[in-house]
2 protein chains.
Amino acid sequence: MHSFTEENYLKAIFKLIEQDGDGVTTNAIADRVKTKAASVTDMLKKLSDKKLINYRKYQGVSLTSKGEKVALNIIRKHRLWEMFLVEKLDFKWDEVHDVAEELEHINSEKLISQIDKFLNYPKVDPHGDPIPDKNGKFQIQKSKPVSVFKQNDVLIMTGVVDHSAAFLQYLDKVGIALGKEIKIKNMVEFDKSLQIIINKNTPIFISNEAAKNILAIKKIKCG
Amino acid sequence: MHSFTEENYLKAIFKLIEQDGDGVTTNAIADRVKTKAASVTDMLKKLSDKKLINYRKYQGVSLTSKGEKVALNIIRKHRLWEMFLVEKLDFKWDEVHDVAEELEHINSEKLISQIDKFLNYPKVDPHGDPIPDKNGKFQIQKSKPVSVFKQNDVLIMTGVVDHSAAFLQYLDKVGIALGKEIKIKNMVEFDKSLQIIINKNTPIFISNEAAKNILAIKKIKCG
DNA sequence: ATAATATTTTAGACTAATCTAAAAATATGA
DNA sequence: TCATATTTTTAGATTAGTCTAAAATATTAT
Ligand SMILES: [Mn+2]
Ligand SMILES: [Mn+2]
Ligand SMILES: [Mn+2]
Ligand SMILES: [Mn+2]
């Protein structure tokens with residue numbers, strides 16, 4: 001169907017559009033797929049010939065709906081595999097990404113629909129990212145970084161911005177995980193670090209840098 | 001580590017050695033990996049440089065112990081994945097091979113050891129083929145084709161020679177599966193077809209061609 | 001033993017994906 | 001606006017894997 005490489009470019013372009021909107025630049029893609037701008041230009045021509053992207057020299061690119069469909073399917077597979085690894089094979093959330101990068105390119109409609117069923121049709125992956133369904137539809141997250149909330153806000157942790165193993169391991173260490181309650185006890189004016197209470201435990205401090213990389217929503221009062 | 005292609009060549013060489021012994025020919029490999037002899041010669045040089053095979057021009061090849069180890073690991077992964085697909089994702093035994101051909105190249109020690117554990121360390125795959133352990137060790141099957149047994153022998157079905165979907169579907173249709181009892185009721189001298197009884201059901205006829213492709217062992221009397 | 005046949009290797013070319021270096025286009029800013 | 005800096009594209013080379021056609025070697029059959 002499409003080569004590994006083509007799939008990786010499409011996924012990269014999709015994520016850059018998600019971040020910065022259409023008109024994705026050659027250099028931005030080169031960065032993401034860890035290659036040089038010259039190689040990207042070559043690939044853009046190929047993807048354009050295949051009607052997977054809209055491309056005019058020097059103008060930046062966007063995905064056609066065909067290209068977006070391919071990208072969403074790769075992302076669907078990536079996130080389902082991550083979920084499978086965590087839920088069924090006892091992987092930690094910081095161990096799954098690299099393996100999923102390989103597994104996402106396996107071609108089998110049946111395989112992925114069975115994995116989906118086996119996991120009971122999960123809506124989010126182990127990092128809180130939404131899993132597109134068969135048709136590429138997924139719920140847009142309205143989470144925001146913990147850093148934007150106010151003193152005494154009570155939040156539910158829903159995701160991460162930084163997906164690096166190092167950051168995920170840090171969150172493990174301080175006890176922050178998906179679904180945990182985070183109460184903002186107070187903010188240090190000097191460096192914008194936060195004192196927070198996780199699930200009613202003893203308060204801890206997290207840096208502003210950390211707070212910017214943790215996503216959460218306001219907790220709904222219930223009971 | 002090793003490319004996709006290199007792994008497929010090593011696996012092909014391993015299986016040819018298993019079948020015909022050392023001194024595997026260029027054409028035999030070309031057949032198995034579905035390429036041309038000239039391409040095989042190129043690859044043999046590369047594998048030889050990497051000390052994965054023993055190769056002297058025109059003399060045929062054998063695997064070094066390093067090469068054998070790689071081949072056995074691919075086969076281990078292939079068979080574990082097939083088992084996973086059948087046991088956990090409701091695939092039929094005739095549906096798993098092609099997907100496993102892709103999955104066998106995924107690189108993750110942890111992934112495969114967890115799959116092994118998840119399946120409770122199976123000894124054979126859905127086709128009755130032995131699954132090498134972490135160290136490449138596996139039990140040699142002493143099964144023989146049904147065609148070599150004698151009238152009134154009572155057998156247990158243990159595997160297949162022909163792994164094609166068409167043959168496996170035929171076996172499904174007539175009710176032959178791993179572990180089933182096969183009693184040889186009689187053999188037609190004319191065309192060597194057999195009348196057999198599967199699990200005490202009504203007798204059926206199978207051709208000599210079919211009998212040669214079904215593996216079995218003599219049933220041990222018990223009770 | 002020699003000629004005919006079959007197998008294997010070499011030579012040379014092609015494709016996908018990559019790279020470096022140079023040229024072209026665009027953006028920036030005095 | 002126009003020179004400078006940055007970004008993007010082109011040109012040309014490289015590598016892995018493949019192919020066809022031709023040459024070299026081995027096998028087989030008279
Ligand atoms: Mn990931
Ligand atoms: Mn994820
Ligand atoms: Mn198989
Ligand atoms: Mn099998």
Side-chain angles (χ1 to χ4, degrees), chain A residues 1-14 16-17 19-63 67 70-71 74 101-102 104-105 107, chain B residues 1-13 16-17 19-63 67 70-71 74 101-102 104-107:
Chain A
M1 199 55 187
H2 305 105
S3 74
F4 275 36
T5 313
E6 287 170 342
E7 289 184 347
N8 284 337
Y9 274 87
L10 290 172
K11 189 175 54 151
I13 294 166
F14 180 92
L16 288 166
I17 289 173
Q19 231 175 69
D20 315 320
D22 278 2
V24 170
T25 69
T26 302
N27 271 344
I29 297 167
D31 256 34
R32 253 199 112 91
V33 304
K34 291 178 170 40
T35 185
K36 297 297 155 72
S39 310
V40 173
T41 301
D42 284 349
M43 182 56 84
L44 293 182
K45 279 181 204 151
K46 200 204 302 189
L47 294 174
S48 184
D49 289 348
K50 291 193 176 188
K51 313 274 186 225
L52 293 161
I53 62 171
N54 304 115
Y55 171 59
R56 275 173 13 261
K57 280 204 233 177
Y58 298 102
Q59 300 313 125
V61 300
S62 61
L63 291 169
V70 175
I74 305 298
E101 285 291 305
E102 296 189 40
E104 71 189 8
H105 301 290
N107 282 311
Chain B
M1 196 57 185
H2 305 104
S3 75
F4 209 92
T5 314
E6 287 170 342
E7 290 184 347
N8 283 337
Y9 273 88
L10 290 171
K11 190 175 56 150
I13 295 167
L16 288 166
I17 289 172
Q19 230 175 70
D20 315 321
D22 278 1
V24 170
T25 70
T26 301
N27 271 343
I29 297 167
D31 255 33
R32 253 199 111 90
V33 303
K34 290 177 170 39
T35 185
K36 295 298 154 69
S39 310
V40 173
T41 301
D42 284 348
M43 182 55 83
L44 293 182
K45 281 181 203 150
K46 200 204 303 189
L47 294 175
S48 184
D49 288 348
K50 291 194 175 188
K51 312 273 185 227
L52 293 162
I53 61 171
N54 304 115
Y55 170 61
R56 278 173 10 262
K57 279 203 237 177
Y58 297 101
Q59 300 314 125
V61 300
S62 62
L63 291 169
V70 175
I74 306 297
E101 285 291 305
E102 296 189 41
E104 71 188 8
H105 301 290
I106 302 290
N107 282 311

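Below, each value reflects all heavy atoms present in this structure, side chains not excepted, and no hydrogens, waters or symmetry copies. Protein chains get the first letters and strands the later ones, always in sequence-line order, with residue 1 at the start of each.
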- Task: Return the stems involving DNA chain D, sorted by first number, where pairs are Watson-Crick (N1-N3 with N6-O4 or O6-N4) or G-U wobble (N1-O2 and O6-N3), both under 3.5 Å, and runs are 3 or more long.
- Result: C:1-30 with D:1-30
- Nucleic acid contacts - residues 31-40 of chain A versus DNA chain D, non-hydrogen atoms under 4.0 Å: A:A37, A:A38
- Message: Applying side-chain contact (heavy atoms from CB on, under 4.5 Å), can you list everything that pairs with A:D42, at least two apart in sequence or on another chain?
- Response: A:K45
- Query: Which residues pass the side-chain contact (heavy atoms from CB on, under 4.5 Å) test with B:A30, sequence neighbours left out?
  - Reply: B:V40
Rounded to whole angstroms, how far apart are [atom1] on [X] and [atom2] on [N]?
| X | N | atom1 | atom2 | value |
| --- | --- | --- | --- | --- |
| B:Y55 | C:dT8 | OH | P | 9 Å |
| A:D49 | C:dA16 | CG | C1' | 14 Å |
| B:D42 | C:dC14 | CG | C1' | 13 Å |

- Item | B:T26 side chain near C:dT9 phosphate (N/O to OP1/OP2, under 4.0 Å) | yes
- Message: Tell me whether the side-chain N/O atoms of A:N27 come closer than 4.0 Å to OP1 or OP2 in D:dT6.
- Response: no
- A:Y9 side-chain proximity, nearest of C:dT7, D:dT8, C:dT18: C:dT18
- Task: Only counting residues at least two apart or in another chain, list the ones meeting side chain to side chain donor-acceptor pair (under 3.5 Å) with B:N54.
- Result: B:S62
Tabulated below should be each protein N or O lying under 3.5 Å from an N or O of nucleotides 24-29 of chain C; please produce it.
unit_1, atom_1, unit_2, atom_2, d
C:dA25, O4', A:Y58, OH, 3.3

